[in-house]
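The structure under discussion appears below in the form of structure tokens.
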2 protein chains.
Amino acid sequence: MDATCGELFSDDLGWGLGTIFRSYVAALNETFIDLPGGPRGFQILSAAASGNVSSQLALAQHLGVDRTVMTYLLDDMQRAHLIERRPDPQDRRARRIVATREGEERLLTLRSRLDDVEARLLAPLDEPDRESFRKMVQLLATRIDSLQIPLAPCGDGSAI
Amino acid sequence: MDATCGELFSDDLGWGLGTIFRSYVAALNETFIDLPGGPRGFQILSAAASGNVSSQLALAQHLGVDRTVMTYLLDDMQRAHLIERRPDPQDRRARRIVATREGEERLLTLRSRLDDVEARLLAPLDEPDRESFRKMVQLLATRIDSLQIPLAPCGDGSAI
DNA sequence: TATTGTTATACTCTATAACTATA
DNA sequence: TATAGTTATAGAGTATAACAATA
């Protein structure tokens with residue numbers, strides 16, 4: 001007998017987001033299996049290539065990881081000659097993170113692999129909906145990101 | 001100096017999904033702080049109350065957790081008198097998971113708290129977009145869930 | 001005194017393996 | 001022989017604390 005769950009709680013936004021996110025991450029783990037740090041390695045490399053990473057801490061917060069974890073991730077990526085740490089002349093405590101030439105070249109093929117994964121993820125939607133979905137995700141994420149404290153009501157200064 | 005990241009890679013779907021998901025989970029962890037298992041405890045309770053949980057394994061797969069983890073979660077929820085394990089008469093290896101009376105009552109208040117969190121999450125969208133977003137999330141999650149192997153191309157039988 | 005980055009340590013979460021009982 | 005569930009163990013991932021360098 002097939003022990004299907006039938007209709008359990010598929011109308012739950014949390015279940016939907018969780019299912020999408022888990023599958024997306026699992027697919028990215030396969031796709032970026034040869035990259036130090038996996039999917040997070042890609043995000044780090046992408047950010048480094050943009051030339052806008054003023055410090056490890058800022059990057060860590062943007063990615064939602066601890067600064068100590070960022071140290072380990074950057075160690076691995078530096079060993080793989082994908083990124084470099086450069087002391088910020090304005091603040092010699094901080095390290096600017098930049099992509100090496102090799103890192104930038106690597107990024108090109110990684111991006112095309114990412115495009116494939118995202119195309120498969122969004123395949124059930126028609127083209128206009130795909131664009132709407134991306135727009136909505138960006139809007140929601142940007143608003144949340146700018147709040148720092150996730151989903152906290154205004155005036156609530158408590159940490160997570 | 002404010003070490004802002006400016007525009008790093010906010011056009012990345014992965015970053016958007018990750019940011020939304022992390023914030024959503026963090027908010028749910030606060031909201032369900034007093035519930036065994038936190039957000040997953042809620043999902044288990046919600047499924048149990050639906051009366052459609054034919055086995056612990058089916059529930060575990062639906063939630064994307066290992067069956068051993070499900071054992072621990074159910075232990076905690078049973079100790080809190082929220083759910084019961086009932087041997088399935090059709091297959092005495094399996095346990096049907098049902099909510100107790102206390103669990104069903106608890107679920108009512110938990111649902112209203114969840115509604116508050118989701119309302120805050122989706123606040124940046126106008127009402128029609130909120131409904132569209134929910135619909136798209138459900139569609140994508142359902143399609144992925146039915147594939148079992150996340151985002152695998154057709155004909156690829158390899159496990160994750 | 002506060003902040004960035006590093007390192008060592010401890011903790012949490014999850015998966016693996018072995019087992020019992022059912023099919 | 002294969003599957004559902006449990007338990008103990010091991011592993012991966014993460015956070016905590018202490019430190020040096022700089023602001």
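Lettering follows sequence order; numbering is per chain, from 1.
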Do A:Arg40 and A:Asp76 meet the salt-bridge criterion of a basic N to acidic O distance under 4.0 Å?
-> no

Can a salt bridge be assigned to the pair A:Arg134 and A:Glu118 using a cut-off of 4.0 Å between side-chain N and carboxylate O?
-> yes

Would you call B:Arg101-B:Glu104 a salt bridge at under 4.0 Å N-O?
-> no

Euclidean distance, atom CD of residue A:Gln78 to atom P of C:dG5 [Å, nearest integer] | 13 Å

Separation of atom CD in B:Gln61 from atom C1' in C:dT14, rounded to whole Å = 16 Å

Atom pair distance, as rounded to whole Å: CD in A:Glu84 and C1' in C:dG5 = 18 Å

side-chain N/O B:Gln56 vs D:dT6 OP1/OP2, d < 4.0 Å | yes

Nearest-Å distance for atom pair CE/P, residues A:Met70 and D:dT14 | 11 Å

Does OP1 or OP2 of D:dT6 have a side-chain N or O of B:Arg85 closer than 4.0 Å?
-> yes

Rounded to the nearest angstrom, tell me the gap between atom CG in B:Asp91 and atom C1' in C:dT20.
-> 15 Å

A:Arg86 atom CZ is separated from C:dG5 atom P, nearest whole Å, by 16 Å

A:Arg67 side chain near C:dG5 phosphate (N/O to OP1/OP2, under 4.0 Å) | no

Whole angstrom is fine here: how far is it from OH in B:Tyr72 over to P in D:dT9?
-> 11 Å

Kindly point out which of C:dT4, C:dT7, D:dT16 is positioned nearest to the side chain of A:Asp66?
-> D:dT16

For B:Arg92 and D:dA4, is the shortest distance between a side-chain N/O and OP1 or OP2 below 4.0 Å?
-> no

Could you tell me whether B:Arg111 and A:Asp12 have a side-chain N and a carboxylate O separated by less than 4.0 Å?
-> no

What is the distance, rounded to the nearest whole Å, between atom CG of A:Asp76 and atom C1' of D:dG13?
-> 13 Å

Side-chain donor/acceptor of A:Arg93 to base of C:dT3, under 3.5 Å = yes

Toward the 5' end of DNA chain D, by each residue's nearest nucleotide, A:Val69 or B:Thr71 | B:Thr71

Which residue lies more 5' along DNA chain D, comparing B:Thr68 with A:Arg40 via nearest heavy atoms | B:Thr68

Salt-bridge criterion met for A:Lys135 and A:Glu131 (N-O under 4.0 Å) = yes

